[in-house]
Amino acid sequence: IDLTLRDGDVGYDVLNKCPSVTGRKEVSSQEKSLDSHSSATSTAAATRKAHIATMKRSKAMQIATGPGKQILMNAFMMYMSGKQLNIFSISTTSMALMTPLMGLFNINNTFRPFQDADGKVDLQMPKLLFVLLNLVWFGVGLYKMGSMKLLPTTSADWTGTIVWKEMMEISSIPPISNQ
């Protein structure tokens with residue numbers, strides 16, 4: 001299924017009027033100007049490429065620290081929802097679990113705009129920070145599930161897996177003791 005909007009599709013004009021991601025417009029405009037000014041001196045071009053690589057690195061770090069900004073907000077929302085089982089607490093807890101997982105599965109798509117063909121932009125540290133913050137966020141969601149008693153953490157939660165012995169002989173008469 002192709003979900004890409006094209007010219008003439010419903011909502012295409014509205015989406016084009018929305019502002020772009022902060023800083024992405026500057027990076028793409030500098031890349032275009034770098035490509036169009038190929039007749040410039042090599043030192044100026046190298047300086048521009050280094051500046052673009054620095055900007056990409058800083059924007060990648062901003063994206064990487066995004067989940068860290070959301071951890072405290074979601075933790076506060078989960079605290080305010082309480083430990084009772086209701087639709088609000090279940091929805092905030094499920095979003096605290098699903099959003100970091102979706103972020104971890106889409107990590108390459110998240111950082112794709114910052115990749116450089118020359119390999120000058122090192123995205124290893126931003127990706128590592130992104131993974132770490134998403135795992136912390138996921139841990140906060142698991143803690144909330146545990147406090148709501150939705151995780152199987154006690155032995156009583158596993159009684160369905162106990163294999164019971166079958167009695168070979170059953171008697172209703174109590175045994176006689178020889179004393």
Side-chain angles (χ1 to χ4, degrees), residues 1-5 11 14-15 18-24 27 53-116 119 121-179:
I1 298 174
D2 185 19
L3 298 177
T4 307
L5 286 177
V14 175
L15 188 61
C18 293
S20 63
V21 177
T22 308
R24 182 66 188 141
V27 172
T54 305
M55 285 182 65
K56 282 185 176 182
R57 247 182 260 114
S58 68
K59 295 300 174 190
M61 272 313 254
Q62 286 180 0
I63 296 292
T65 57
K69 297 172 187 174
Q70 296 176 0
I71 290 172
L72 291 176
M73 177 191 66
N74 281 306
F76 180 71
M77 285 176 54
M78 288 187 288
Y79 168 73
M80 293 302 289
S81 68
K83 293 184 181 183
Q84 294 80 23
L85 290 176
N86 55 42
I87 191 68
F88 184 70
S89 62
I90 291 174
S91 67
T92 55
T93 306
S94 64
M95 288 307 296
L97 294 174
M98 293 303 295
T99 306
L101 285 179
M102 289 170 32
L104 290 173
F105 289 138
N106 294 325
I107 190 168
N108 288 329
N109 292 337
T110 303
F111 288 99
R112 184 168 288 138
F114 307 111
Q115 290 178 346
D116 195 16
V121 179
D122 183 26
L123 295 176
Q124 186 175 7
M125 193 62 178
K127 284 183 178 182
L128 184 65
L129 182 64
F130 187 77
V131 167
L132 178 71
L133 290 174
N134 274 313
L135 288 176
V136 169
W137 189 1
F138 187 73
V140 169
L142 284 178
Y143 175 77
K144 177 65 176 180
M145 280 190 70
S147 69
M148 291 171 58
K149 307 291 188 227
L150 291 175
L151 291 179
T153 55
T154 63
S155 60
D157 295 326
W158 300 99
T159 56
T161 60
I162 295 175
V163 178
W164 295 99
K165 292 182 183 179
E166 288 194 33
M167 298 293 184
M168 298 297 289
E169 184 177 322
I170 299 173
S171 173
S172 61
I173 303 172
I176 302 173
S177 63
N178 295 343
Q179 290 180 1

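Since the model is a prediction, treat every value here as computed from it, not as a measurement.
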Query raised in the report: How long is the span from the CE atom in Met80 to the OG1 atom in Thr92, to the nearest 0.5 Å?
Result: 11.5 Å
Query raised in the report: Heavy atoms, side chains only, cut-off 4.5 Å: are Ile63 and Thr110 in contact?
Result: yes
Report task. Using the side chain to side chain contact (heavy atoms under 4.5 Å, CB included) rule, take Lys127 and Asn108 through it: C-alpha gap first, then chi angles, then the decisive distance, then the call. Result -> CA-CA 9 Å; Lys127 284 183 178 182; Asn108 288 329; 3.1 Å; yes
Query raised in the report: Going from OG1 on Thr99 to CE on Met95, what distance comes out if it is rounded to the nearest 0.5 angstrom?
Result: 3.5 Å
Query raised in the report: Is the backbone of Gln62 close enough, under 3.5 Å, to the side chain of Thr65 for a donor and an acceptor to pair up by distance?
Result: yes
Query raised in the report: So, do Ser81 and Lys144 sit near enough that their side-chain heavy atoms are less than 4.5 Å apart?
Result: yes
Query raised in the report: With no hydrogens and no angle check, is any side-chain donor or acceptor of Ser89 less than 3.5 Å from a backbone partner on Gly82?
Result: no
**Report entry** Value rounded to 0.5 Å, distance of CG in Leu142 from CG in Leu135
**Finding:** 10.0 Å
Query raised in the report: Does Met73 CE have over 12 foreign heavy atoms under 6.0 Å away?
Result: yes
Report task. First locate atom CE of Met102, then atom CG of Leu97, and finally report the distance between them rounded to the nearest 0.5 Å. Result -> 12.5 Å
Requested in this report: Taking all non-hydrogen atoms of both residues into account, name the closest pair between Met148 and Lys83 and its distance.
Outcome: CG-O, 3.8 Å
Requested in this report: Could you pull out the closest heavy-atom pair between Gly141 and Thr93, with the gap in Å?
Outcome: O-CG2, 3.9 Å
Query raised in the report: Under the side chain to side chain contact (heavy atoms under 4.5 Å, CB included) criterion, do Val136 and Ile71 qualify, and how do the steps go?
Result: CA-CA 8 Å; Val136 169; Ile71 290 172; 3.8 Å; yes
Query raised in the report: Which pair of heavy atoms, one from Thr153 and one from Asp157, lies closest together, and at what distance?
Result: N-OD2, 3.1 Å
Report task. Sorted by first residue and then second, give each ring pair (Phe, Tyr, Trp, His ring centres under 6.0 Å) pair with at least one member in residues 122-152; sequence neighbours left out. Result -> Phe111-Phe130
Query raised in the report: Ala60 and Leu123: which non-hydrogen atoms are nearest, and at how many Å?
Result: CB-CD2, 3.6 Å
Report summary line: Closest non-hydrogen atoms of Gly146 and Leu151, given as atom of the first, atom of the second and distance, are N-CD1, 3.8 Å
Report summary line: Closest non-hydrogen contact found for Asn134 with Pro100 is O-CB, 3.3 Å
Requested in this report: State the CE-CD1 distance between Met145 and Ile90, to the nearest 0.5 angstrom.
Outcome: 9.0 Å
